[in-house]
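Here the structure comes first, spelled out in structure tokens, and everything after it is commentary.
Ligands are counted one by one from 1 in listed order, and the atoms in each one are counted from 1 as well.
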Amino acid sequence: MGLVTMKYEMKRAMKGGYAVPAFNFFSFDNLVGIAKAAAEKKSPVIAMATTGGIKVMGEKAVVKMAEGISADYGIDMVLHLDHCTDIELLKRCVDNGFTSVMIDSSKKEFDENVADTCYCVDYAAKYGVTVESELGHVGGKEDDIVVDDMSVMFTQPEKALEFVNLTGIDCLAVAVGTVHGFYKAKPQLDFPRISAINKLIPGCPLVLHGGTGVPYDDFREAIRRGVRKINVGTELKVHGVFDPSVAGYNDPASKQDPRAVSKLVIAKVSSICSEIIDVMGSAGKA
Ligand code: 13P
């Protein structure tokens with residue numbers, strides 16, 4: 001129990017044919033809710049800190065918090081840095097004990113994306129840390145990164161093969177029709193594209209970003225076609241501390257007692273995560 005690499009969980013997920021749920025967290029309460037769900041469901045889990053969240057919490061504190069919470073709940077947890085465009089921050093996270101990182105140079109030209117990713121793969125290798133990278137653009141807003149809906153560019157299967165061969169990454173984030181944040185219309189996932197990419201790089205697990213609002217049947221179909229990590233963030237953000245009906249801000253008891261608020265937020269986050277774990281097929285796989 002404690003922090004494990006994403007590589008370790010991805011290998012098991014590929015063998016078992018399920019996806020490992022990856023949840024963004026923004027506070028201690030969020031992370032406890034995630035751990036509670038994983039413990040109750042006996043599921044592997046990836047806890048993803050965002051760069052914005054790290055600016056508030058600090059990378060050393062985030063690592064200690066994840067180590068402590070995973071030990072308290074008796075679970076294995078991957079501590080992942082989500083969507084990092086700042087290589088210096090990524091290096092600090094690796095140095096301080098994150099077990100997985102995502103370099104996001106997807107907005108740059110292909111060659112620059114390759115160069116940045118190779119640099120991070122080399123750096124992370126010293127510590128055995130997992131590296132995820134993105135090819136194509138997943139649209140929407142993620143932390144401080146905004147990709148205009150119009151500039152969404154799907155991942156080309158042959159380019160994905162070239163990218164993985166050149167960089168040696170552990171998993172690939174693909175752009176196949178999802179966007180970060182809430183959807184303005186029902187998402188249209190390009191399932192044949194997922195299969196085509198998976199066929200060319202069967203040894204490289206695929207990551208689906210923008211999980212909030214995607215119908216559960218679409219998750220199941222994406223998993224059948226080779227997706228092994230699914231990211232969910234916005235749903236936890238919105239239904240966590242900011243939702244007065246969840247956090248009980250109108251309840252006089254909550255107003256005077258932060259522990260009451262924490263309990264309500266933890267329960268809500270945990271119930272959202274549990275539901276998603278069931279869809280991933282990862283329950284009982286820890
Ligand atoms: P959502 O916020 O749309 O769930 O996406 C989260 C995500 O992909 C984090 O990388």
Where ligand 1 meets [X] - atom numbers and elements under 4.0 angstrom, heavy-atom basis:
| X | answer |
| --- | --- |
| Gly181 | 1 (P), 2 (O), 3 (O) |
| Val179 | 3 (O) |
| His180 | 3 (O), 5 (O), 6 (C), 7 (C), 8 (O), 10 (O) |
| His83 | 10 (O) |
| Thr234 | 1 (P), 2 (O), 3 (O), 4 (O) |

For this session: State which residue, out of Asp76, Thr99, Val78, fulfils the side chain to side chain contact (heavy atoms under 4.5 Å, CB included) condition with Tyr8.
Result: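 One option only clears the test, and that one is Asp76.
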Problem set entry | Rounded distance (nearest 0.5 Å) linking atom CZ of Arg228 with atom CE of Met14 |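 Answer for the CZ-CE pair, Arg228 versus Met14, is 8.0 Å.
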Problem set entry | Rounded distance (nearest 0.5 Å) linking atom SG of Cys93 with atom NE2 of His80 |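 The NE2 atom of His80 is 10.5 Å from SG of Cys93, to the nearest 0.5 Å.
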Between [X] and ligand 1, is there a nitrogen or oxygen pair with a distance under 3.5 Å?
| X | answer |
| --- | --- |
| Gly210 | yes |
| Asn231 | yes |
| Val232 | no |

Problem set entry | Sub-4.0 Å heavy-atom contact, Glu235 with ligand 1 |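 The answer is no: ligand 1 sits nowhere under 4.0 Å from a heavy atom of Glu235.
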Exercise. Has Thr50 got any heavy atom lying under 4.0 angstrom from an atom of ligand 1?
Worked result: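 No heavy atom of Thr50 comes that close to ligand 1.
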For this session: Not counting sequence neighbours, which residues clear salt bridge (charged side-chain N to carboxylate O under 4.0 Å, His left out) with Asp116? List them please.
Result: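 Testing Asp116 for salt bridge (charged side-chain N to carboxylate O under 4.0 Å, His left out), a comparison that skips the adjacent residues, returns Lys108.
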For this session: Give a yes or no on whether Val279 and Val269 share a hydrophobic cluster (residues Ile, Leu, Val, Met, Phe, Trp, Tyr; joining criterion: side-chain heavy atoms under 4.5 Å apart).
Result: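 As far as the 4.5 Å side-chain criterion goes, Val269 and Val279 are connected within one cluster.
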Problem set entry | Under-4.0 Å salt bridge between Arg92 and Asp95 |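 Here Arg92 does not pair with Asp95 in a salt bridge, since their nearest N and O are not under 4.0 Å apart.
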Exercise. Salt-bridged, Glu132 to Lys229, with N to O below 4.0 Å?
Worked result: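 Salt bridge between Glu132 and Lys229, a charged N being under 4.0 Å from a carboxylate O: yes.
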Exercise. Within 45° of the six-membered ring axis of Tyr73 and under 6.0 Å from that ring's centre, is NZ or CZ of Lys36 located there?
Worked result: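 Judged by the rule (NZ or CZ under 6.0 Å from the ring centre, within 45° of its axis), Lys36 is not positioned above Tyr73.
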Exercise. Within 45° of the six-membered ring axis of Tyr183 and under 6.0 Å from that ring's centre, is NZ or CZ of Lys186 located there?
Worked result: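 Judged by the rule (NZ or CZ under 6.0 Å from the ring centre, within 45° of its axis), Lys186 is not positioned above Tyr183.
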What part of [X], side chain from CB on, backbone N/CA/C/O, both or neither, has a heavy atom under 4.0 Å from ligand 1?
| X | answer |
| --- | --- |
| Asp82 | side chain |
| Thr178 | neither |
| Lys237 | neither |

